[in-house]
Amino acid sequence: MRYDLIIFDNDGVLVDSEPISNRHLAAYLTELGHPTSYEDSIRDYMGSAMHRIHDLVLERTGRRLPDDFDDVFHARVFAAFERELKPVAGAGGVLEKLAADGVPYCVASSGSHERIRVGHRTTGLDRWFDERRVFSSQDVGRGKPAPDLFLYAAERMGVAPERCLVVEDSPLGVQAAVAAGMDVYGFTAMTPAEKLAQATQLFSTMGELADLLV
């Protein structure tokens with residue numbers, strides 16, 4: 001193993017939440033008078049913290065989203081998670097192998113701690129993540145593409161940035177990892193490879209990732 005810590009993004013890497021989340025985000029923004037397609041949402045918001053959604057809407061329209069936007073959106077998404085959410089195929093096997101081999105790992109997500117926990121509990125991945133392994137953009141204030149979250153996770157896990165590998169599926173996440181001085185493997189299941197061109201390595205299935213981590 002070339003790395004002392006594997007840092008996983010959550011949405012789209014461990015839990016297959018991006019289609020659900022972006023479908024509901026596009027619908028809610030459209031409902032509020034900001035016409036947004038599913039494809040628009042994937043392009044503009046995939047991998048971002050909630051503050052980025054507020055910032056982009058304000059920048060583009062001059063209008064602020066409602067004060068209860070986050071609460072309403074999360075309520076809708078969490079309800080959908082309970083009905084539909086599945087783990088990314090093969091993610092559990094990768095985590096099981098890392099644990100068996102004694103390789104330190106954690107999750108660092110733009111999503112809130114509540115969102116991470118709901119997703120892990122619903123998919124059964126919570127068995128692999130105690131509180132010491134879970135980091136959110138809530139912990140640092142600035143989400144991806146800023147490097148703050150990945151640097152914070154590395155510091156808390158006691159590993160130098162250059163000894164960390166990030167596993168990401170969004171351009172914003174790849175940018176954040178590069179800015180943090182970390183290697184990053186880009187997951188192309190939902191994101192075209194050219195949009196993850198800054199990544200150290202690309203892979204399209206969790207089976208490929210498991211082979212890369214040997």
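Because the structure is predicted, anything quoted here is derived from the model rather than measured. Below, all heavy atoms of this structure are taken into account, side chains as well, without hydrogens, waters or symmetry copies.
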Rounded distance [0.5 Å steps], [atom1] in [X] versus [atom2] in [Y]:
X	Y	atom1	atom2	result
Glu18	Ser41	CD	OG	8.5 Å
Ile53	Leu25	CD1	CG	4.5 Å
Asp183	Ile7	CG	CD1	11.0 Å
His54	Asp67	NE2	CG	9.0 Å
Asn10	Ser136	CG	OG	10.0 Å
Leu202	Thr200	CG	OG1	9.0 Å

From CA spacing to verdict: salt bridge (charged side-chain N to carboxylate O under 4.0 Å, His left out), Asp11, Arg115: CA-CA 10 Å; Asp11 294 292; Arg115 178 184 173 119; 3.2 Å; yes
For [X] and [Y], indicate whether the former's side chain and the latter's backbone hold a donor-acceptor pair under 3.5 Å.
X	Y	value
Thr30	Thr36	yes
His113	Gln138	no
Thr191	Asp169	yes
Ser21	Ser17	no
Thr205	Glu208	yes

Arg121 bridged to Glu114 by N-O distance under 4.0 Å: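 Salt bridge absent between Arg121 and Glu114.
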Between Arg117 and Glu131, is the closest basic N to carboxylate O distance under 4.0 Å?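 Salt bridge present between Glu131 and Arg117.
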Once the angle between the rings of Phe203 and Phe187 is folded into 0 to 90°, is it parallel (under 30°), tilted (30 to 60°) or perpendicular (over 60°)?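 If you compare the ring of Phe203 with that of Phe187, the planes turn out parallel.
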Name the orientation class of the two ring planes belonging to Phe78 and His74 (parallel below 30°, tilted from 30 to 60°, perpendicular beyond 60°).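 Ring orientation, 0 to 90° scale: parallel.
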Apply salt bridge (charged side-chain N to carboxylate O under 4.0 Å, His left out) to the pair Asp9 and Lys144, showing each step before the final yes or no. CA-CA 11 Å; Asp9 175 45; Lys144 306 166 190 177; 3.0 Å; yes
Inspect the surroundings of [atom1] in [X] and state if more than 12 heavy atoms from other residues, nucleotides or ligands are less than 6.0 Å away.
X	atom1	value
Arg64	CZ	no
Asp101	CG	yes
Arg43	CZ	yes

A side-chain contact here means heavy atoms from C-beta on lying under 4.5 Å apart; do [X] and [Y] qualify?
X	Y	result
His120	Val107	yes
Leu65	Leu29	yes
Met46	Leu172	no
Leu95	Phe129	yes
Tyr152	Asp148	no

Joint hydrophobic cluster, Leu85 plus Phe73, side-chain heavy atoms closer than 4.5 Å: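 Linked within one cluster.
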Tell me whether Arg76 forms a cation-pi arrangement with Tyr28, defined as NZ or CZ under 6.0 Å from the six-membered ring centre and within 45 degrees of its axis.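 Pair Arg76/Tyr28 counts as cation-pi.
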Do the numbers put Arg133 on top of the ring of Tyr105, so that NZ or CZ is under 6.0 Å from the six-membered ring centre and no more than 45° off the axis?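 Yes, a cation-pi geometry.
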Restricting to non-hydrogen atoms, name the atom on Pro192 and the atom on Met190 that form the minimum distance, rounded to 0.1 Å.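 Looking at all heavy atoms of both residues, the closest pair is CD-O, 3.9 Å.
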What is the minimum heavy-atom distance between Gly173 and Phe150, and which atoms define it?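 Where Gly173 meets Phe150 most closely, the heavy atoms are O-CE1, 3.5 Å.
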